[in-house]
Each structure stands twice: as structure tokens, then as C-alpha cells.
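Okay, structure first, notes after.
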2 protein chains.
Amino acid sequence: MLLQHARRARRLVIIGFGPVASRLIDELLPAVRDHRLQLLVIGAESQPAYNRIMIGELALGSIDQELMIMSDLQELEADGVRFRLGVPVTEIDRDRRFVTLADGDQYAYDELIFATGAAARVPRLAGLPECPPGQDPMLPAGVTVLRDLGDAERLATMSQRGRELVVLGGGVLGMELALTAAEAGAVVTLVHAGRVPMERNLDPTAAAIVARHLRRRRIRIVADARAAAVRLHEGRFAGLGLADGSQISGDGLVVCCGAAPRTGLAARSGLLVDVGIVVDHQLRTVDDATISAIGDCAQMRCAEDDCERCVAISAPSGLIGPGFAQAEWLAARLLADRHQRQPVESPAVRSPASGDDAPCDGAPVMILKTPGLSVVSAGSVDLDPLDCLVGEDDRRVAQWSDPELGRYAKMITRGGTLEGLICIGLPRTAAELTLLYERGSELPSDRSSLLRHDGPDHASGTDPLGPDATVCRCNGVSAGAINAAIDDGHRDVTAIGRATRAGTGCGTCKDRICELLRTRTEVVVA
Amino acid sequence: MLLQHARRARRLVIIGFGPVASRLIDELLPAVRDHRLQLLVIGAESQPAYNRIMIGELALGSIDQELMIMSDLQELEADGVRFRLGVPVTEIDRDRRFVTLADGDQYAYDELIFATGAAARVPRLAGLPECPPGQDPMLPAGVTVLRDLGDAERLATMSQRGRELVVLGGGVLGMELALTAAEAGAVVTLVHAGRVPMERNLDPTAAAIVARHLRRRRIRIVADARAAAVRLHEGRFAGLGLADGSQISGDGLVVCCGAAPRTGLAARSGLLVDVGIVVDHQLRTVDDATISAIGDCAQMRCAEDDCERCVAISAPSGLIGPGFAQAEWLAARLLADRHQRQPVESPAVRSPASGDDAPCDGAPVMILKTPGLSVVSAGSVDLDPLDCLVGEDDRRVAQWSDPELGRYAKMITRGGTLEGLICIGLPRTAAELTLLYERGSELPSDRSSLLRHDGPDHASGTDPLGPDATVCRCNGVSAGAINAAIDDGHRDVTAIGRATRAGTGCGTCKDRICELLRTRTEVVVA
């Protein structure tokens, strides 16, 4: 008894203060309040955790910065969490277990957690300083990536009405940015390397629907383009040079070429780094059991050569849902190390067979959502109905195509469950298919019945998916939980977000939360 | 007054006694009973009119001959109609207005009507006697076409269980026959000239679905085949030789290469013949105002060079509905010539602008219906959703494709109305689309809602198309009229056919009549 009292609280140090770190802190908070844990959070940025996914919307004025903030610093400090923000860690002494900061301060740890996330990837371009993957780039005026609040400020000036904005990259981020900037009045050119934007996620029909949508919003598309150089004029961006010698002039350039896990510090500390910091199924680095990594900086790859789970994951997905789930799982493990508590897995993530393993990225779902265009894609999407008829493929493809309305759905199944899907312009069908995909549930035999979710007679009414349906996939919040929050008096999306966390991840479920709000309050009033 | 009494009854002679002639007789019957008309019907076959469309089913034992008979000879004779059956007309003296029969008998006429229909078309094949288009072929043992009751008998012997049957021709007739014969146990090879069966009516996906259906029923398909010769052994069919030198052996050959209007007699009589007997918009031959032609032997082509209606019709469609409508229109004209009655057009046929013109073939709809496969196609079907996105086409394409279930629907519209359609495995959707096509009605904006007609929750319930919907297209009978007949106590398809004529044309609507019967009697009982 005396021994237990004498034992000092375990010292946890978290490097990084993004959304995933914020979730981990929330989960550990009870133990911090009880003085069972000493928690120090070190952040390179001086702001508290905010939702990075909304950076583009913030820059283009469609949301307020306050809505993005995910942590209340003062409250956390009052609870006993210590912070060192705006000072990066420069060194880790793994033998003696302490970290050194840029200002020379040193902090000892019992457990160290990397939650450093990812940095925007900037391709090698003449005229730009070289930027190794996983490091934050130094960019000239008029050039930005879309990662932090500083980027948002830069983008805001670059994309004012009438300005010519060049967007490099045809992925989801580039697409969303191009559409939002065009909406805000910028003259946008989208430059990308594929034949069509989002080439890997779309088949030819879907790509053509998306391309037409871009054209109709007067976005100029330069496909099959290999960016080669940034042309500067008096130190400011003036144009993007392509490998074929052509130039695209503009007032600003936004580089949307994906992100790379921030691994520099881990690598310097002698930890194994592949694409990300390599961790096992308990999220521990393979070199050091006292160091863990979660979220975008972590890459699950255990020691076994033929581990099926590890083989299935090539790199972190960059999605926030799996990061949240890992934060929750790790918190449970860290607390269980003391209290033998069983870790609980989040139901939102496709779980592996073993209940003792941390959730991995699962099957990523690509979601693009702008006011005029919603695109969801997952898995392998290339198989066409005709292929199934001609070849010996045991997959089944069902497909609805109505390009005039910008509607398209493709469901590729094996044994009744989805292996791939594309859904454009059918947001409710997309939500249903995403759930069926993530849960590995069997589709109804008449696939066309799924299209009814977006049918005309599906006005308000009850949620077609029932109260158990997950509405917010990032946070695993069900329709029932949201309805309960509405019944408790939370009457707007922000209030529901505070009460349930729904809608505070990638934000794509906000429309459905609004629908539930409308329906539920109508029902309550009636 | 005296003059009118003294006027003798006009003498009408009809050459041909098929379904279209039978309908004309029915319409003229009141005038025959009143002795206002003398009606003589001359038929080359000795049987009364029967429904030719069911010949294949008769041969393969799925229906009874009695069900095919469309006229009650004794009743008609009792009403005053005279018949000369089994004796062809050999000559027409147009100046003196009389016809001469093969047995030398001669009959005078005031009005002469050709309703000689069409003869099966037999391609030039070494080993077969030459058969000019529009004449009935002379075929060796083991070779048949599918046109009359004699053919049905020949086919019955040829297609017994285990026999090897070669079907030449990949159109609707060849397809239906191949499937019915395979069902009956024959070993079937389908030989056709296109890349796929029904090539002109199907796009690649539809064709692949149909081809797979044939393969699964163990029908061997020989595509891109040019039949060159019939090989005989001791005077009987032994094999079909192709232009590439290969041979397809078998116990019997059915030639399903379409039909040609029977025009020999008309041509010999100096009447203008193009594909069919050329008639104007009043169904009168262009050379002789006392001679008319209706149904499959007639081709509408007036004297005007740029008549839009005539340009739209290249040849008779071979469908029974337009023939019925022409019979009704002609009867009205023949009676109106005396009584100034206005001719009435059938609502089932897309009517031209002018109300005084006879109905022409309209836009043909291809309907294939066997127990396991229903295919409907109309208009131009080649446009793909992707084409609309890429090109400047102002048509819209919506498409549902689920080949695993053998389901496919394509709707090609311009300004909201159908210009082309394909529907496979979705019989109710097909019925709805056919109606929308023939009426030129606007489709609902959400095209996918049309698929619900074949959805799971569309069990019984009321007819989705309402009481005004045409169920029997050949005879223009509405759901309401059928329901009225059910309420009058007609409780099976045959009885309803006698009461309303519904289901006595091409027969493809019988399923829907059964459904109405089931629903209506349930409703009545409840």
C-alpha cells in the first residue's frame, strides 16, 4: 500500500498538438486530473489543436477560425496538462529518456508519443528550395501549401475575386480548393499529372462527370501536366512552367500534392522510418517500447514478414477517423498498462480479427464534398459491367449513370459485399454505400433499390439507415446519439458537435446532421 | 329515295385471310349483316385466320392450335361473309374489275383489298431452290421457315428432345425460337451474320447480357457467319455450310431471316411495288383508287417527294399492332365512303399530325419475350452516357446496368422524351418505357425512379400506370378496360382476350393481364 502511494505519476510526453493528439489528451484527461499521469504536450505551432481539413474553407471565408479549434487550452491547463507550444523538439535521448527543445529546455519521459502528423509534400521544382518529404517547406511569396493557419492566410490573399490562382494537384484537396476558390471568384487553373483529376479514384465515366463539373465552373484544367519550374518575378510567384515548355501564369500557386508523414525527428533519433514511423500492432515503435506513434506520422508494420494486416497497409491514409480511433486505443492501452483495462476499439473503423490490436487505417474512403459536387470513392473501381460478362471475374458490378444530372453510382461486390464503389451526385446513396463498405455488410440483391435514398419521395421522413447508422464516420457517432443530443436541447450543428463530436472530423457529415436536426425538431414539434 | 334502294350492295373482295384481314372483316361485319356490303374473302391457305406470331410456341408444344385461331368461319358465313379458301388468286383484271382464281372461278369487285401479308425470306443458298422475295419458298425435308401451320408441323418433328437444330438468323424470331427449342430439349446452334444477336437493337452491354443468357441455356452461337449452302443427305437436311468453308451439321434447319411483303400478284397486275405494295395515306394503291392494301404487304409512300411521314417509313415493320390499326382505319374509310363517317385512329399507335391519314407503322418497338429473358428495344440505342459528356450531343442518356441479375435499362431522351431505349430483365420498367416512347411523353427527371416498377416492394398493388395505361399495345386495350372485363366475370386470359381482344396480338402483354387478374380479384374479394 505504501509502495503504491510512493510511486510517482508516470510522465507522458506527446510531440505534436494536432487533432489526433488532442483526442489522445481528452482520453487521458481523467488520469491527469487524478494525478496518475503527468502529461506534457509539445507543439511546433503556437496554436492549440485545430481541424486542418477546414484550412481551405477558412482561407476562402466560408468558415470561422474559432469553429476549427478543437481544444480549450486554458481548460486543459486547469486540469493539469502542461504545454510547450511554438518550440519544436530538436533531440531525443532515448537511453536517458528525455527530449530537448529548440530553446534548450529538457523534459524527461516514461512514455513518449509521436503525433507529429504529416507535412505537405512539395515536388522538386526549379525555383523552389528543395523540400525533403516530411519536412515543412520554405516557399516564396505567392506560393503556398494547405496545411496550417499560416497557409490559410497566404491563400486568402492569393485567391481574392479576379485573381488568377494556379492549383497544382488533381487529388481531393486540389479539387476541393479549385472549386471553392472558383466559387469565391478566383480565376482557377487546375494543373495535374493524370489524364483526369482523381484518376485513381474514378473510372472514365465518373472522371468525365467530374471534369464537366469543373469546366462548368470555369475552372481551366491542364491534364497530363508535369510541373517543372516556378517562375518568380521580384521574389513573387509569376507562373508555373511545365516539362513541355509551356507556362501557366498566375497571381498565386497552391501546391496540393499530398502529404508525407513528419518523420525527421524520429529518424534522427534512430527509430525505424519507412514511409512513416514504423510501429507494431500496439502502436509501439519497433525499436523502442517506450515510444509510440499515432495518426498520420505512424505506419503500422510489425516484425512478421507475412502479416496480412501489415501487407494491406502501404502508408497512412491521411484520414482523420483512423487517427482518432488510434488515439482512443492508445489511451486505453496507456491506462491499461496501469489498470489492466481492456482496450476498446472504435466501431467506426473496420476492425481486424484480433481485439488486442490497435485499429489500422482500414480501407480508405475518398470523400469530396463541395456545395455543387459530392464524390465518394473507395476500393478498386475499374471493373465495368461489361468486363464481368466477358471475363471470368467472380465480382459483380451494378452501375447507374445519369450524367446530365451529374449522377453516377457504381457498386463492385464479391460475395454480396462491396470491394469498390463510386458515387457522384447521390449523397444519401453514398452514405449508405460507405457504411455497407466499411462494415462489410451485404448489399440488397436489387442494387437499384439503393438509389432510392436520393429519390424524390425521400423528402424528410426518418433516417433511412435507422438510429444505429453511423453519421459521423470520423468520430463514430450514430444517428441515435445525435437525435439524443437534439432531444437534450442542442439545436445547431456546432452545439451537436460539442455534445457528441459529430461533424468535428472531416465535416462531410454536416449536411446529414442538419437533416436530422430538421426532421427531429419537426417530429418533436408535431 | 327509290334510287338509293335500287343501288346494289357494294362488292368488296379481300385477298388474304390473316389476322389483319380478320380484323378488317370484323369491322365491316355490321355493313355485311345489313346487306350494305357484299364481302368475299379469298385465302391461299385453307385455314381461317390464325395468330402467326405463336407458330413457334405451337410447334414446340407450349400452346394449343385452337388458341391461335382468330376467326369463327361458320359464324362469319352465317353473317353473310363469303369465303374461298385454299385457292390463290392468279390474275386481276383491273379494267373490268374482276379476279380470277387458280381454279378458274372469277369474281367481280367494286373495291379490292390486298391483305396478303409477308412471306418468310430465304437467303440464296446452294442446295436450295431459289426463292424470290415475297414468295413462299419450296424447301427440302428438314428445312423450314416459321410462317404457317405447315411450318409448325415441320418444326415440331425437327426439334424433338435431343435433336440437333440449326437456327439461321439472330433476330427476334431466331432468338425466341432458339430459346424455346433449347427449353424443349433440342440441341440448338444459332447461326447469325452479326457480331452479336439482335445487333441493330442492342448496344454492347445489352448484347453481352443476351449472349450470356444464350450460352447458359447451352445454345451454341456462331457469330459473324455467312451461310452459303445447305448440305442434303438423301434429300434431307444434313448440315449448313458457311462461306468460310466450315460446316454445321444438324437434324434440322430453321430459316429465320425475316419476311418480305407478298407482292407477286400485285406486281403482275401492274401495281407499283417497292418493298411492299405502294399505297398513299388513304391506303389506296397509287395506280388504282379501287384497290387498297393493308398490313405487312403494304408500304405507305405517297406521291410527294418530301413527305415527312413517308420518308420516316422505309418498310413495313412486321408488327401486328399497326396492321390492326390500318384495318380499323380502312374499314372506317370504306364505310365512310358511303356514310360520310369520320375515320377514327387507334390511340395505341403514335399518330401523325393529320387526322385524315391512315396510321402508318410508327416507331417500331422490338419485343423479345421468353420465360427466362425479356428484351425490349426501340429507336436509336447506340449513344452511351460517356458520349453525352464528351461530345456536344443534346441527347441525355441514363443507364442502369446489373448484368449479374441480367438487368439492363438505357433511356436516350431529347427534350425529356425517349428517342431510344433498351430494357432487359425489367419487364415492368420496359412496359412503362414503351408507353412513354410510343406516346412521346416526358420522363420523370429522376430516371432511376422508373426502375422501381421492377423493385421488390412493387409486389401486387395497383397497376403503376393507372387505368388509362395501354396494356395490350397491338389492340390498344387499357388496364381499365381489362379490369372492367374482370368485373364482368371474365376470369382467365383467354376469356379476357375474347371480351376485349387484349393479349390476342403479339401476346407479350399476357403476364400483365395475369397480374391485373390477380390484383383485381384480390381487391374484389377483400
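So you know, we letter chains A, B, ... as the sequences are listed, proteins then strands, and number each from 1. These numbers come from the heavy atoms of this one structure, side chains and all, not from hydrogens, waters or symmetry mates.
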Got more than 12 heavy atoms from elsewhere within 6.0 Å of CZ, A/R195? no
Looking only at non-hydrogen atoms, find the nearest pair between B/W400 and A/Q399 and report the distance. CE3-O, 3.1 Å
For a 4.5 angstrom cut-off between non-hydrogen side-chain atoms, does B/D446 reach A/R407? yes
Any non-hydrogen side-chain atom of A/V397 less than 4.5 Å from a side-chain atom of B/P403? no
Value for OG (A/S448) from CG (B/D402), rounded to nearest 0.5 Å, stands at 8.0 Å
Measure distances from B/P444 to the heavy atoms of chain A and classify the residue's part below 4.5 Å as side chain, backbone, both or neither. neither
Is it the case that atom CZ in A/R414 sees more than 12 heavy atoms from other parts of the structure closer than 6.0 Å? yes
Highest number of heavy-atom pairs under 4.5 Å with chain A among B/K410, B/R396, B/M411 belongs to B/R396
If you round to the nearest 0.5 Å, how far is CG of B/L451 from CZ of A/R452? 8.5 Å
Here the gap from A/S445 atom OG to B/E404 atom CD, rounded to the nearest 0.5 Å, amounts to 9.0 Å
Side-chain contact test, heavy atoms from C-beta onward, threshold under 4.5 Å: evaluate it for B/L386 versus A/P204 and give yes or no. yes
A/E183 atom CD: more than 12 heavy-atom contacts under 6.0 Å: no
Sorted by chain and residue number, the side-chain contact (heavy atoms from CB on, under 4.5 Å) partners of A/D382 (sequence neighbours excluded) come out as none
Segment of B/R212 engaging chain A (4.5 angstrom heavy-atom cut-off): side chain
